[in-house]
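Remarks on the structure that follows.
Whatever order the structure lists ligands and atoms in, that order sets their numbers, starting from 1. Any value given below was found using the heavy atoms of this structure, including those in side chains, with hydrogens, waters and symmetry copies removed.
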Amino acid sequence: MPLSISPAVQSALDEGWPVVALESTIISHGLPRPENLDAARRFEQILTDMGVVPATIAVLDGELKAGLTDEELVRVANEDIPKLSVRDLPISLARAGSGATTVAATSYIANLAGIRVFATGGLGGVHRGASETFDESADLKVLSEVPVTVVAAGVKSILDIPATLERLESLGVIVLGYGTDKFPSFWLTDSGFQLDWSVPDASAVADVMASRDALGQPAAIMIGNPLPLTDQLDPEVHDRALADALRMADEQGLTGKEVTPFLLKTIVGLTGGDSLAVNLKIAENNIRVAGDIALSWAGRSK
Ligand code: PSU
Ligand code: MN
């Protein structure tokens with residue numbers, strides 16, 4: 001199997017120490033240079049400071065990588081590499097290629113490596129107008145198939161949030177609000193959509209992981225972790241930028257994997273960088289919660 005696990009991640013897995021997987025599409029396509037490299041390093045440092053081993057996931061020179069050296073992190077941040085979902089992995093391997101992994105591909109590789117907890121910014125989901133375009137992120141299908149616990153600030157309001165929640169339900173993905181019963185919508189603390197279940201802390205998440213395993217269910221657990229209200233993007237700025245970005249994507253006739261990166265980039269421009277600052281806070285907030293969950297999980301499997 002062309003899977004290369006870094007020595008630090010491998011020994012953590014062997015010893016049952018806490019490990020958190022991190023996604024690379026957020027680094028290569030979700031954040032602008034040069035902030036992306038600083039952010040990628042900071043994401044890993046947050047975990048290291050907590051006593052958790054970071055495993056940033058990407059594809060480099062035809063190998064699936066779980067855990068990157070600093071040089072490899074620099075490559076992911078600075079090279080023009082493609083965005084890879086699960087179906088792109090065999091092609092990238094066949095060509096000895098490199099690429100950044102989406103939530104779907106990261107979850108898939110984390111599972112191959114035996115990593116149980118994963119932190120990202122926001123999930124992909126059902127796009128607005130999907131009943132016409134069929135644009136639904138492969139993130140959702142993959143989360144119905146792999147037993148990871150993914151911490152995300154919900155999904156962005158660039159998507160159709162109620163449709164995404166319906167699909168998560170159909171696909172059997174377990175959805176838990178972290179200290180909230182409202183689904184977060186990334187830059188905004190509360191999407192207004194109600195969740196069925198919430199958990200107060202990391203230990204309660206580990207309880208659900210254990211009972212999920214006991215039942216042998218195939219799907220992931222999604223933890224909806226909202227930003228504190230004081231950190232969210234100004235809702236008026238948000239609504240205006242969102243409407244403009246959606247209109248521009250429509251005018252340009254974008255389809256397929258270009259849509260999400262285009263919307264993210266355009267919204268950074270339209271908010272004068274405010275959305276970027278909030279984006280970084282979100283990722284860091286999710287990484288801390290994922291670290292707590294990994295610590296709690298490691299404590300119990302000993
Ligand atoms: N949502 C974000 N930031 C991101 C992405 C989604 O807030 O960077 C990325 C993730 O890698 C996610 C992917 O898996 O976009 C979804 O893309 P698509 O809609 O093409 O499946
Ligand atoms: Mn899509």
Side-chain angles (χ1 to χ4, degrees), residues 21-32 35-36 39-40 43 56-59 76-77 81-89 99-110 118-143 146 148 150-161 163-164 167-168 173 183-188 191 220 222 224-227 232-233 238 241-242 245-246 249 253-268 271 275-287:
L22 298 170
E23 184 215 326
S24 46
T25 294
I26 186 173
I27 303 169
S28 69
H29 292 76
L31 297 169
E35 288 92 341
N36 63 343
F43 294 164
T56 303
I57 289 184
V59 179
V76 169
I81 51 175
K83 164 181 163 187
L84 304 177
S85 192
V86 168
R87 68 169 187 168
D88 305 309
L89 296 176
T101 49
T102 62
V103 169
T106 306
S107 308
Y108 177 86
I109 296 169
F118 165 31
T120 184
L123 290 188
V126 180
H127 283 257
R128 296 175 183 218
S131 61
E132 295 283 319
T133 62
F134 279 66
D135 189 354
E136 172 182 329
S137 177
D139 291 356
L140 298 185
K141 173 182 177 272
V142 174
L143 291 180
V146 293
V148 297
V150 55
V151 182
V155 300
K156 291 203 174 81
S157 36
I158 58 175
L159 301 176
D160 183 335
I161 294 178
T164 301
R167 289 292 290 144
L168 287 166
V173 178
F183 195 63
S185 61
F186 200 77
W187 295 297
L188 301 182
S191 68
M222 190 230 161
N225 181 38
L227 266 186
Q232 76 169 357
L233 192 62
H238 168 270
L242 175 66
L246 287 168
L254 296 181
T255 57
K257 66 207 281 182
E258 294 169 348
V259 175
T260 299
F262 171 83
L263 291 171
L264 300 184
K265 247 178 231 130
T266 305
I267 288 174
V268 173
T271 60
S275 72
L276 176 61
V278 178
N279 199 337
L280 291 171
K281 279 188 191 161
I282 288 166
E284 290 166 13
N285 202 36
N286 293 342
I287 289 166

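Looking from atom 3 (N) of ligand 1 to the surrounding protein, the closest heavy atom is K156 NZ, 3.3 Å. Among protein heavy atoms, the minimum distance from atom 21 (O) of ligand 1 is reached at S137 OG, 2.7 Å. Ranking protein heavy atoms by distance to atom 19 (O) of ligand 1, first place goes to T260 OG1, 2.7 Å. When hydrogens are left out, the protein atom nearest atom 1 (N) of ligand 1 is G122 O, 3.2 Å; that is the closest non-hydrogen contact.
Any N or O atom pair closer than 3.5 Å counts here, and T101 shares no such pair with ligand 1. Considering backbone and side-chain atoms alike, E23 places an N or O below 3.5 Å from some N or O of ligand 1. Among the atoms of G121, none of the N or O lies under 3.5 angstrom from an N or O of ligand 1. Annotation: T102 places no N or O atom under 3.5 Å from an N or O atom of ligand 1; distance criterion only. The shortest N or O to N or O distance between L264 and ligand 1 is not under 3.5 Å.
H238 and S157 share a side-chain donor-acceptor pair at under 3.5 Å. For the residue pair T101 and T106, a side-chain donor N or O sits within less than 3.5 Å of a side-chain acceptor on the partner.
Here H127 has side-chain heavy atoms under 4.0 Å from ligand 1, and that is the only part of it that gets that close. Of all the heavy atoms of D139, the ones lying under 4.0 Å from any atom of ligand 1 belong exclusively to the side chain.
Residue-ligand proximity, K83 to ligand 1, at heavy-atom distances under 4.0 Å covers atoms 17 (O), 18 (P), 20 (O).
D135 contributes atom OD1 as its closest N/O/S atom to the Mn ion (ligand 2).
Rounded to the nearest 0.5 angstrom, L123 CG and E23 CD are separated by 9.5 Å. Put simply, CG on D160 and CZ on R167 are 12.0 Å apart, with the number rounded to the nearest 0.5 Å.
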